[in-house]
Amino acid sequence: MELPARYNPKETEDKWYKFWEEKGYFHACSTSEKKPFCIVIPPPNVTGILHMGHALNNTIQDILVRLHRMKGKEALWMPGTDHAGIATQNVVEKSLAKEGLKRQDLGRDKFIERAWLWKEQYGSTIIRQLRKLGSSCDWERLRFTMDEEYSKTVTEIFIRLYEKKLIYQGSYIINWCPRCQTALSDEEAPHNELQGSLYYIKYPLKHNPDEFVVVATTRPETMLGDTAVAVNPKDKRYKKLIGKHLILPLANREIRIIADALVDPKFGTGAVKVTPAHDPNDYIMGKKHGLDFISVMHPDARMNSFAGDYKDMDRFEAREVILEDLKEKGLLEKIEAHQLSAGHCYRCHTIIEPYFSKQWFVKMKPLAKPAIEAVKKGKIKFHPQRWTKVYLHWMENIQDWCISRQIWWGHRLPVYYCRKCAENGKSKSPNLKFHNEGVIVSKIKPQKCPQCGSIDIYQDEDVLDTWFSSWLWPFATFGSNEEDLKYFYPTSVLVTAPEIIFFWVARMIMAGFEFMGKQPFKDVYIHGTVRDIEGRKMSKSLGNIIDPLEIIDNYGTDALRFSIISITSQGQDVFLSEQRFEQGRNFANKIWNASRFILMNLDPVQVTVDLCEFYKKEELDIVNHWILSRFYSTLVGVDKAIESFKFNEAANLLYSFFWHEFCDWYLEIIKPDINLRKNQIVMFKVLEKFLRVLHPFMPFVTEEIWQKLPHGGESIMVRPWPHVQEQIIDKRLEKDMVVLFDIITSIRNLRSEIEIKGEQKVPLSIYPHSKVAANLIAANKEAILNLAKLERLDVLAHNAKPKGTISSICESADIYLSFSGLIDIAKELQKSMQKLDNLKKVITGKESRLKNAEFVKKAPKDVVEKEKESLLEAHNTIKRLERTISELS
RNA sequence: GGGCGAUUGGCUCAGUUGGUUAGAGCGCCACAUUCACAUUGUGGAGACCAUAGGUUCGAGUCCUAUAUCGCCCACCA
């Protein structure tokens with residue numbers, strides 16, 4: 001069979017992916033007799049495009065799924081996308097903006113129509129890209145968090161929680177994004193450091209306007225909403241002022257001086273302006289002291305009419321103007337540089353505004369309880385383990401979850417209001433926003449108010465937090481299919497990134513227990529973040545993105561997969577440069593060429609035997625036994641590595657086995673006798689099995705080659721994972737072979753050092769140091785002749801007189817070169833002296849260790865024995881070296 | 001303020017429960033091309049394992065500080 005000398009991924013990848021899919025290999029079925037294995041994909045946003053984080057995340061999942069499929073499980077990888085409320089709405093709004101439109105111009109229904117249209121058109125981009133990656137997802141089950149059935153579940157869950165009084169409506173300070181104009185949960189408003197200023201502002205006393213209380217603030221623009229100044233009750237400086245009144249500058253309102261232990265007397269001036277509607281701390285004080293809540297901003301963070309002259313200014317513009325005005329009035333005492341941190345919208349990075357508003361919340365403490373237990377008891381395990389602490393810390397300090405969003409794209413709250421009931425309630429609370437009368441929570445819009453019978457009913461405008469649907473993902477994806485749920489739930493492993501632990505992982509665990517009564521998964525593997533070579537996150541704005549699709553285009557999917565896996569250790573962050581992908585590409589090519597070589601030399605008739613039968617009946621020679629042993633040892637290592645989520649270790653084991661042992665040594669050794677039956681069988685079987693083990697890592701190249709090999713079955717993808725043949729593994733032999741390689745390497749080294757030209761063959765004598773070495777040399781004489789390019793090899797018996805000059809010694813043998821003329825005596829002498837020196841140091845170390853009574857007494861016996869042995873060995877080597885030196889001089 | 005991670009050849013990283021002379025890939029140097037593969041082969045150079053203490057017969061590995069970098073959490077006006 002003629003194959004090109006290079007592996008071309010472009011010609012194979014799409015072909016095989018299509019083949020697998022058409023064969024239905026990706027599909028998993030709950031009626032199977034097999035044991036289930038299930039992973040639910042962290043649903044990428046519909047707005048998403050594949051980045052390296054996805055590539056890593058999904059490669060790991062695909063490895064696990066393919067592996068377990070081969071191991072005989074009914075393996076399901078449940079795919080889907082997330083509607084990504086704010087992100088998608090932003091994208092659709094942007095596209096509208098190009099037409100000069102705002103969403104309000106369209107109205108809610110039209111806008112949502114538009115959003116769906118967008119989703120239909122672009123929402124499957126990421127799915128297509130996941131396929132390029134080779135992901136073996138069960139596409140028949142593709143889900144979307146706004147599918148009809150899924151949405152139904154979301155609504156039901158809301159009602160269930162509401163009825164359990166775990167969902168409530170209330171007015172609190174929440175994180176408000178003025179740009180997206182919606183509330184956000186705490187997790188969606190991460191705090192970032194900012195370089196700001198601390199402004200010291202004088203507030204005049206009412207009874208004596210020439211005297212001031214100076215407050216320190218980072219946000220002067222909110223002063224217009226101040227309703228008090230607070231001091232610590234123990235603060236002597238202010239004690240006599242407590243209860244007195246101040247005139248709030250610029251607003252010319254009277255505000256009270258209150259005492260509260262929350263105030264830190266050491267910070268600033270020890271006096272704090274209190275703005276209950278714009279600061280969470282102040283909110284608490286406001287509640288405690290019965291202060292007024294004055295919101296001074298519009299939802300877009302422009303100042304509102306409570307801000308008087310500053311009305312309609314943006315909050316930061318207002319800050320500047322207010323500072324100017326204060327300065328003019330002589331009320332700005334000083335400005336200090338000050339580091340602070342502020343919440344930022346995780347979607348648009350706008351600084352969030354702590355904003356007082358009425359929202360819906362989930363009471364989290366009761367949900368957290370079983371989720372904490374499960375992790376503490378080890379029913380759910382994090383890998384690496386350290387994330388357990390992070391998880392528990394968050395869970396144990398969990399805050400209620402704000403779930404209402406003031407956007408249009410998402411699951412609308414199943415909440416309706418009766419206008420009539422609300423009107424009636426108004427008498428108690430003048431602002432419609434602040435009362436709870438007339439709330440109806442229902443799956444569908446009620447015909448009339450169950451309270452008063454009015455038909456004047458309208459639905460809440462808000463939608464739910466996107467994560468309120470994703471936290472149901474491990475079971476909501478099965479919809480109402482009880483059999484599937486019973487079979488596949490709880491799922492097996494969750495593979496995800498650290499930044500999503502609180503958003504998603506923790507909440508899924510809570511939802512699993514609350515709604516299913518069972519944990520959603522057993523293991524959580526948290527992989528690292530993919531960064532650029534300088535350790536920065538990859539982002540568009542930094543321009544440091546490495547596009548996985550480009551890598552696929554240039555290097556191939558298998559190269560991408562293999563490279564990224566081989567550098568991802570144990571959840572450590574990955575520093576990536578494009579160069580890394582050469583390793584994967586070269587490896588694919590190496591496999592390709594080794595296979596090409598084998599195919600060119602393969603007699604298909606000879607290899608149709610069963611390998612087990614073969615080595616039961618026929619005694620294996622050293623080399624074939626060795627490579628089989630190494631293969632199975634590697635397999636053991638790979639199994640173990642994957643079990644402990646050390647994917648890089650598995651990948652690297654496969655890499656070095658194939659390249660350095662199978663190709664560099666094994667194939668080179670058997671090359672001259674490649675037609676021998678035993679060589680035919682073993683080289684073929686090892687290759688075939690190796691391809692299977694590698695398949696989860698590099699699915700395409702392995703399939704392409706496997707199909708060209710004689711094979712049974714349709715696809716490598718559905719072939720069983722090889723069984724470890726314990727009886728073939730011979731650690732002793734593996735070690736011995738290293739001796740042989742050591743000898744060959746030493747001869748090659750010698751050739752190189754004395755500059756024997758490439759093909760020039762030299763005669764050599766060799767004196768083996770041990771019986772093992774002697775046997776190996778005898779059994780592999782041909783191999784040594786070939787690999788070390790020797791004309792002749794004489795193996796010296798004990799006491800035999802060597803013919804040449806001693807030229808080199810290695811651990812296992814002395815090597816005598818038969819024509820001494822080639823040797824640079826001075827150089828060799830120097831080299832030997834150097835070796836002698838090193839060895840003497842080693843011996844000194846060993847001797848002193850062995851003389852140390854403590855060591856002999858306390859160290860394990862085998863360690864002491866080993867030490868003695870190696871000392872003896874070193875002494876022998878020294879003797880030989882000294883002999884060499886005397887011969888040379 | 002608290003927590004976590006990292007610090008090992010020029011670069012990027014491995015390094016199992018402490019055990020003898022610390023590994024890999026890339027890069028570098030030399031040699032090799034009618035040989036499956038130059039996306040190759042062969043050989044080589046290159047590391048007092050961040051610093052300072054400690055535990056131990058023995059520390060890259062365990063402990064305590066320190067430094068630098070990074071991440072996360074917290075009601076830092």
Side-chain angles (χ1 to χ4, degrees), chain A residues 3 5-7 173 190-191 198 215-219 230 262-264 267-269 271-275 279-284 338-341 354 384 386-387 389-390 393-394 397 498-499 501-502 528-529 531 533 535-536 555 559 563 566-567 569-577 579-580 582-583 585-601 640 644 646 648-649 652 655-656 663-664 667-668 671 745 748-753 755-759 787 789 838-839 841-842 845-846 849 852-860 862-864 866-867 870-871 874:
Chain A
L3 293 180
R6 284 189 185 181
Y7 170 59
I173 294 266
H191 284 237
L198 194 57
V215 298
T217 180
T218 55
R219 304 204 50 206
L262 271 177
V263 180
D264 174 5
F267 190 92
T269 60
V272 184
K273 64 192 260 325
V274 182
T275 323
D279 182 279
N281 245 346
D282 295 3
Y283 170 84
I284 296 167
H338 182 69
Q339 270 240 327
L340 68 152
S341 78
R386 63 187 142 92
W387 294 108
K389 220 172 143 181
V390 176
H393 180 256
W394 185 77
N397 297 286
E499 58 263 29
I501 292 178
F502 306 142
T529 308
R531 300 170 180 283
I533 203 68
R536 302 171 303 182
Y555 298 86
S563 287
S566 71
I567 55 173
S569 98
Q570 276 281 286
Q572 217 51 261
D573 283 357
V574 179
F575 289 25
L576 203 60
S577 70
Q579 207 190 285
R580 301 285 329 204
E582 286 174 12
Q583 192 194 359
R585 178 198 59 186
N586 295 355
F587 188 38
N589 195 57
K590 186 74 183 178
I591 297 163
W592 176 260
N593 272 294
S595 307
R596 187 165 80 113
F597 171 71
I598 289 172
L599 275 165
M600 284 191 309
N601 291 286
K640 221 171 100 185
S644 46
K646 293 178 182 171
N648 64 319
E649 207 174 295
N652 293 334
Y655 181 92
S656 71
C663 291
D664 289 351
L667 288 183
E668 290 304 327
K671 209 176 245 180
T745 304
R748 283 169 169 172
N749 180 1
L750 179 66
R751 291 179 59 97
S752 161
E753 272 179 20
E755 287 170 15
I756 299 173
K757 286 281 173 288
E759 288 307 304
L787 296 183
K789 292 178 187 138
N838 290 345
L839 213 54
K841 272 182 215 155
V842 171
K846 283 180 190 301
R849 203 168 303 143
N852 186 334
E854 291 292 297
F855 172 71
V856 179
K857 204 168 76 190
K858 287 181 183 166
D862 59 312
V863 172
V864 179
K866 252 191 194 167
E867 197 67 13
S870 71
L871 180 64

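Residue numbers start from 1 in every chain, and the chains themselves are labelled A, B, ... in the order their sequence lines are given, proteins ahead of strands.
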Kindly point out which of [options] is positioned nearest to the side chain of [X]?
X	options	result
A:Tyr655	B:U21, B:A77, B:G25	B:G25
A:Asn281	B:U39, B:C75, B:U20	B:C75
A:Lys590	B:A77, B:U20, B:A36	B:A36
A:Leu262	B:A36, B:C75, B:U39	B:C75
A:His338	B:C37, B:C26, B:C76	B:C76
A:Ser341	B:U39, B:C37, B:C76	B:C76
A:Ala859	B:A36, B:C37, B:G19	B:G19

List every contact pair, protein side and nucleotides 42-47 of chain B side both N or O, where the distance is under 3.5 Å.
unit_1, atom_1, unit_2, atom_2, d
B:U42, O3', A:Arg748, NH1, 3.4

Taking the [atom1] atom of each, how far is [N] from [M], in whole Å?
N	M	atom1	value
B:U21	B:C29	C1'	24 Å
B:A74	B:G18	C1'	38 Å
B:G46	B:C11	C1'	13 Å
B:C31	B:C37	P	23 Å
B:G10	B:G54	P	29 Å
B:U40	B:C26	P	7 Å
B:U7	B:C75	P	32 Å
B:G23	B:A47	P	13 Å

With sugar-phosphate meaning primed atoms plus P, OP1 and OP2, does [X] contact a base, only sugar-phosphate, or nothing at under 4.0 Å between heavy atoms?
X	value
A:Phe502	sugar-phosphate
A:Gln572	sugar-phosphate
A:Lys857	nothing
A:Pro860	base
A:Thr217	sugar-phosphate
A:Gln583	sugar-phosphate
A:Val274	nothing

Send over the distance from [X] [atom1] to [N] [atom2], rounded to a whole Å.
X	N	atom1	atom2	answer
A:Asn593	B:G41	CG	P	10 Å
A:Arg596	B:U39	CZ	C1'	13 Å
A:Glu854	B:A59	CD	C1'	17 Å

> Pick the nucleotide of RNA chain B nearest each of A:Leu667 and A:Ala853; which residue has the one closer to the 5' end?
Replying inline: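 It is A:Leu667, whose closest nucleotide lies nearer the 5' terminus.
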Pairwise N/O distances under 3.5 Å, protein to nucleotides 1-4 of chain B:
unit_1, atom_1, unit_2, atom_2, d
B:G3, O3', A:Lys389, NZ, 3.3
B:C4, OP1, A:Lys389, NZ, 2.9

> Given that both pair distances must be under 3.5 Å and the pair must be Watson-Crick or G-U, what runs of three or more consecutive pairs involve RNA chain B?
Replying inline: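 In RNA chain B, stems of three or more pairs: B:1-7 with B:67-73, B:10-13 with B:23-26, B:28-32 with B:40-44, B:50-54 with B:62-66.
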side-chain hydrogen bond (donor to acceptor under 3.5 Å, both in side chains) involving [X] - partner list, sequence neighbours excluded:
X	result
A:Ser870	A:Lys846
A:Gln579	none
A:Glu854	A:Lys858
A:Lys590	none

> Under the salt bridge (charged side-chain N to carboxylate O under 4.0 Å, His left out) test, which residues partner A:Arg219, sequence neighbours left out?
Replying inline: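 Here the qualifying residues are A:Glu221, A:Glu353.
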> Looking at residues at least two apart in the chain, or sitting in another chain, which of them share a salt bridge (charged side-chain N to carboxylate O under 4.0 Å, His left out) with A:Lys671?
Replying inline: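 Per chain and number, A:Lys671 pairs via salt bridge (charged side-chain N to carboxylate O under 4.0 Å, His left out) with A:Glu668.
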Which residues pass the ring-ring contact (aromatic ring centres under 6.0 Å, His included) test with [X], not counting sequence neighbours?
X	answer
A:Tyr283	A:Phe293, A:Phe356
A:Phe855	none
A:His393	none

>> Between A:Arg596 and A:Asn593, is there a side-chain donor-acceptor contact under 3.5 Å, judged purely by atom types and distance?
In response: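 Per modelled atom types, A:Asn593 and A:Arg596 side chains form a pair under 3.5 Å.
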> Between A:His338 and A:Phe267, how do the two ring planes meet: parallel, tilted or perpendicular, split at 30° and 60°?
Replying inline: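 Ring orientation of A:His338 relative to A:Phe267: perpendicular.
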